[in-house]
Protein chains: 2
Amino acid sequence: MPSDPPRLDPVQLGAYFALMDVAGMLRHRVEQQLKEEGDLSYVQFQLLARLALDSTDGSARMTDLADGVVYSRSGLTYQVGLLEKAGLVTRAASQEDERVVVVTVTEEGRSRVRTVLPGHVDVVRDQLVAALPGAGIGQLADLLAPVRDHMRAAPPRSAATRRGR
Amino acid sequence: MPSDPPRLDPVQLGAYFALMDVAGMLRHRVEQQLKEEGDLSYVQFQLLARLALDSTDGSARMTDLADGVVYSRSGLTYQVGLLEKAGLVTRAASQEDERVVVVTVTEEGRSRVRTVLPGHVDVVRDQLVAALPGAGIGQLADLLAPVRDHMRAAPPRSAATRRGR
DNA sequence: GGTCGGTGCTTCGAAGTCGAAGCATGTGGT
DNA sequence: ACCACATGCTTCGACTTCGAAGCACCGACC
């Protein structure tokens, strides 16, 4: 009998829902903390953090920022505009390539990140790490890493459907 | 110089970022599929699915729906309004309590869920399950379940910081 | 050197999202 | 019965988000 309902056992479905729920709630809490302690949205924090912590010179091209964060280009333009208005970053056209806009954190931007980071980390620890006994967090990291790689590699559309693969 | 920056080792941070990234990408892909094959947003699908699959009589109060989905009340009103306009659900005041609005899936709503479910499951399998070898998906479920419970139980605000501040 | 497709970013309009305020109904205390 | 507060949902305005269209610049090829 072709049981038309899907072909995902309860365990798989459970993992899927749990993943989405946990991420959703975690994001919600993190966003609250960022808003309260630093008047930043999650996206803005991600952008600032990437510039202040993951970049040697504190600057990056718009496109590189967009790739790091899962975001539309237009949304990025908007958010960087806000950050610029707030004095946390500066924008400048690249010399080598006039099309490119280079975004750079200001000292105030770095300072803001420093202000929010401890509380941010507290939230993650209290909400996520604390719920996982001992090595749990490590196992979680080990499980998710390959998934992330798989997803980044996989084509966003068109391959998802029908028999194939 | 005291290393005041966070107190989360790289593994914990890695798990956190991986979680947020994976959930973000997965949601993005799932949303695409839903939009293409059923003209539904992720939220709308969640609402319909909850009514069609998780409810014995195919109906629920607005508040119960909002609690299940991580969502604001006003956003729920908006989305249910759209679903009603599309003929996928109906709204009616409760008899016992005039304040309560009971939402019920229509047959067309159920049908819509049936239409999108297979593709939805395909995406989850291709993107999430396929990336995890053997028992991986089960381990993921086991790890996330307690986290979800922990978060649901934990106070949404104000408890984020203990010492300091 | 001029045109042409490709790339990087922005603008624009439509939709979705949230919190606060508002309205109507229920409930408990006096 | 009355009043005050609580509860359930909606409305409102502000903000964010996205995709499509647009602009400016680059590189390559004739």
Side-chain angles (χ1 to χ4, degrees), chain A residues 20 23-25 27-36 39-48 59-86 89-104 156-157, chain B residues 23-25 27-36 39-48 59-86 89-104 156-158:
Chain A
M20 299 303 269
M25 285 191 284
R27 175 160 176 159
H28 206 259
R29 312 254 161 128
V30 153
E31 231 155 22
Q32 254 178 225
Q33 180 267 328
L34 289 174
K35 189 66 75 184
E36 283 172 9
D39 199 39
L40 290 174
S41 70
Y42 181 68
V43 182
Q44 291 170 344
F45 172 72
Q46 274 189 305
L47 295 176
L48 280 185
S59 53
R61 310 172 349 150
M62 291 287 280
T63 292
D64 295 341
L65 281 179
D67 289 347
V69 186
V70 185
Y71 235 54
S72 69
R73 299 303 160 90
S74 50
L76 185 65
T77 295
Y78 176 70
Q79 287 295 346
V80 170
L82 290 184
L83 289 175
E84 188 181 29
K85 203 156 296 184
V89 304
T90 58
R91 263 197 282 203
S94 168
Q95 299 255 322
E96 313 144 355
D97 189 335
E98 285 281 341
R99 294 170 301 179
V100 169
V101 170
V102 176
V103 184
T104 308
R157 25 161 57 234
Chain B
M25 285 191 285
R27 175 163 175 154
H28 206 259
R29 312 254 162 129
V30 154
E31 234 156 19
Q32 255 178 224
Q33 181 267 326
L34 289 174
K35 191 66 78 184
E36 284 172 10
D39 199 38
L40 290 174
S41 71
Y42 181 68
V43 182
Q44 291 169 345
F45 172 72
Q46 273 190 305
L47 295 175
L48 280 186
S59 52
R61 310 172 349 148
M62 292 288 280
T63 291
D64 295 340
L65 281 178
D67 289 347
V69 186
V70 185
Y71 232 53
S72 68
R73 300 303 162 91
S74 51
L76 185 65
T77 295
Y78 176 70
Q79 287 295 348
V80 171
L82 291 186
L83 289 176
E84 187 181 29
K85 202 155 298 183
V89 304
T90 58
R91 264 196 283 203
S94 167
Q95 301 250 325
E96 312 144 356
D97 189 336
E98 286 281 342
R99 293 170 304 180
V100 169
V101 170
V102 176
V103 184
T104 308
R157 30 165 53 233
S158 81

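Proteins come first, then strands; the chains are lettered A, B, ... in the order of their sequence lines, and each starts at number 1. All values below come from the heavy atoms of this structure, side chains included, with hydrogens, waters and symmetry mates left out.
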Taking dT25(C), dG8(D), dC9(C) as options, the one with an atom nearest any side-chain atom of Val100(B) is dG8(D)
Picking from dG26(C), dC9(C), dT17(D), the nucleotide nearest the side-chain atoms of Met62(A) would be dC9(C)
Write down the distance between [atom1] ([X]) and [atom2] ([N]), rounded to a whole number of angstrom.
| X | N | atom1 | atom2 | result |
| --- | --- | --- | --- | --- |
| Glu96(A) | dT7(C) | CD | C1' | 15 Å |
| Leu83(B) | dG16(C) | CG | P | 11 Å |
| Tyr42(B) | dT17(D) | OH | P | 19 Å |
| Glu84(B) | dC9(D) | CD | P | 14 Å |
| Leu40(B) | dA15(C) | CG | P | 16 Å |
| Lys85(A) | dT10(C) | NZ | P | 12 Å |
| Tyr71(A) | dT16(D) | OH | P | 9 Å |
| Gln44(A) | dC15(D) | CD | C1' | 11 Å |

Hey, is the side chain of [X] poking within less than 4.0 Å of OP1 or OP2 on [N], counting only N and O atoms?
| X | N | value |
| --- | --- | --- |
| Gln79(A) | dT17(D) | yes |
| Arg73(A) | dC18(D) | no |
| Thr77(A) | dT11(C) | no |

Touch check for [X], heavy atoms < 4.0 angstrom, all strands: base, sugar-phosphate only, or nothing?
| X | result |
| --- | --- |
| Ser74(B) | base |
| Leu82(B) | sugar-phosphate |
| Tyr78(A) | base |

Taking for Ser72(B) and for Arg91(A) the nucleotide of DNA chain C with the nearest heavy atom, the one nearer the 5' end belongs to Arg91(A)
Comparing nearest nucleotides in DNA chain C, the 5'-proximal residue of the pair Arg99(A), Leu76(A) is Arg99(A)
Smallest heavy-atom separation, Met62(A) atom then Leu76(A) atom, equals O-CD2, 3.1 Å
Of all heavy-atom pairs linking Val30(A) and Tyr42(A), the shortest is CG1-CD1, 3.7 Å
Check your understanding: If only atom types and distance count, is the side chain of Glu36(B) paired as donor or acceptor with the main-chain N or O of Gln33(B) below 3.5 Å?
Key -> no
Item to check | Side chains of Thr63(A) and Leu65(A) in contact at under 4.5 Å (non-hydrogen atoms) | outcome: no
Between Asp97(A) and Glu31(A), whichever has its closest DNA chain D nucleotide further toward 5' is Glu31(A)
In this structure, OG1 of Thr104(A) is separated from CZ of Arg91(A) (nearest 0.5 Å) by 11.5 Å
